[in-house]
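We use all heavy atoms of the structure for the numbers below, so side chains are in, but hydrogens, waters and symmetry mates are not. Both counts, for ligands and for their atoms, begin at 1 and track the order of listing.
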Amino acid sequence: MKIAIYPGSFDPITNGHLDILERAITLFDKVVITIARNSSKNPLFTEEERLQLIREAVKKHKQVEVDSFEGLLVDYARKKNATAVVRGLRAISDFEYEMQMALMNRKLNPDVQTVFLMPNERYTYLNSSIVREISRLGGDVNDFVPKVVKQALDKKFKVK
Ligand code: COA
């Protein structure tokens with residue numbers, strides 16, 4: 001059974017993340033989408049809220065597990081018997097940081113490969129900060145996030 005980990009902050013999960021996840025499903029028997037606890041980020045949604053939003057957004061995919069973790073990604077991958085880490089590459093600007101992480105992870109655990117997938121081009125300019133910002137300022141994020149996330153954003157920013 002080929003298992004991959006798809007890690008991130010997912011604050012909140014966007015259609016760009018779902019696009020990557022759906023591509024990953026075609027390559028692996030199981031994909032674990034997992035929230036990395038990161039004390040240097042100050043998330044809008046709590047970990048539990050983010051987990052709940054992801055669960056709702058991916059519920060039709062039976063081969064997807066939703067989880068969170070603390071510590072090194074490669075240790076987590078080992079614990080989950082995963083052989084790959086999936087990351088999305090939206091633009092050249094993602095590449096340098098992603099390559100650094102991929103090479104460091106390979107150094108830490110040579111048994112785990114990083115697989116880069118490119119989302120549909122309509123998501124290349126998307127990230128969670130932009131979604132949070134547009135939503136906070138009353139803009140329309142319907143095209144960028146699943147319905148459940150749109151509702152959660154409206155609730156956070158008290159939109160009627
Ligand atoms: N569509 C839309 N947005 C996307 C996206 C996609 N396909 N892929 C990434 N993004 C956005 C995210 O929304 C996020 O936006 P934001 O910064 O505006 O909130 C941004 O790109 C960063 O992406 P994310 O996937 O959340 O990565 P991260 O940098 O927060 O976390 C980890 C990267 C979790 C993989 C890394 O921190 C990690 O491995 N942590 C564990 C500790 C560890 O092992 N460290 C050593 C690593 S060598």
Side-chain angles (χ1 to χ4, degrees), residues 3-28 31-47 49-51 53-54 57-58 61 64-80 82-137 139-150 152-153 156-157:
I3 302 172
I5 306 289
Y6 181 29
S9 302
F10 305 110
D11 184 38
I13 188 162
T14 67
N15 289 343
H17 293 125
L18 288 172
D19 179 293
I20 296 291
L21 182 74
E22 279 161 16
R23 288 172 204 280
I25 287 169
T26 66
L27 300 175
F28 298 95
V31 179
V32 184
I33 178 166
T34 187
I35 294 172
R37 289 186 203 127
N38 182 346
S39 52
S40 67
K41 283 198 174 180
N42 183 18
L44 173 67
F45 291 100
T46 66
E47 183 183 325
E49 287 171 330
R50 283 178 281 158
L51 284 170
L53 292 174
I54 299 173
V58 308
H61 299 299
V64 174
E65 181 185 325
V66 182
D67 197 17
S68 60
F69 76 101
E70 194 150 5
L72 283 178
L73 177 61
V74 287
D75 291 342
Y76 176 78
R78 198 179 279 124
K79 198 180 106 195
K80 288 285 181 183
T83 51
V85 167
V86 168
R87 294 286 292 167
L89 274 187
R90 289 161 296 172
I92 293 282
S93 50
D94 282 342
F95 183 75
E96 204 163 326
Y97 172 62
E98 291 297 337
M99 190 176 93
Q100 204 177 2
M101 277 205 302
L103 293 179
M104 184 52 80
N105 283 333
R106 190 159 74 191
K107 176 85 185 146
L108 294 169
N109 183 350
D111 299 330
V112 175
Q113 306 303 325
T114 300
V115 174
F116 293 112
L117 297 173
M118 271 165 279
N120 187 302
E121 55 275 14
R122 68 174 177 257
Y123 300 129
T124 50
Y125 55 89
L126 190 59
N127 69 32
S128 298
S129 310
I130 289 179
V131 165
R132 292 195 301 270
E133 172 93 347
I134 296 171
S135 187
R136 189 172 59 80
L137 298 173
D140 182 3
V141 293
N142 271 311
D143 287 347
F144 309 132
V145 294
K147 205 168 161 202
V148 64
V149 171
K150 162 81 171 101
L153 284 163
K156 278 274 175 206
F157 298 121

Apply ring pair (Phe, Tyr, Trp, His ring centres under 6.0 Å) to Y6 and list each qualifying residue two or more places apart in sequence or on a separate chain. F10
I33 CD1 to I13 CD1 distance, which is reported to the nearest 0.5 Å: 4.0 Å
Would you indicate whether M118, at its atom CE, is surrounded by more than 12 heavy atoms from other residues, nucleotides or ligands within a distance under 6.0 Å? no
Can you find a side-chain donor-acceptor pair between R37 and S68 that sits under 3.5 Å? yes
How would you list all residue pairs meeting side chain to side chain donor-acceptor pair (under 3.5 Å) that involve residues 115-134, not counting sequence neighbours? D11-R132, S129-R132, E133-R136
At a heavy-atom distance under 4.0 Å, which protein residues reach ligand 1? Sort them by chain and number, would you? P7, G8, S9, T14, G16, H17, I20, A36, K41, F69, G71, L72, L73, R87, R90, Y97, M101, M104, N105, L126, N127, S128, S129, R132
With sequence neighbours left out, what residues match F69 under ring pair (Phe, Tyr, Trp, His ring centres under 6.0 Å)? Y76
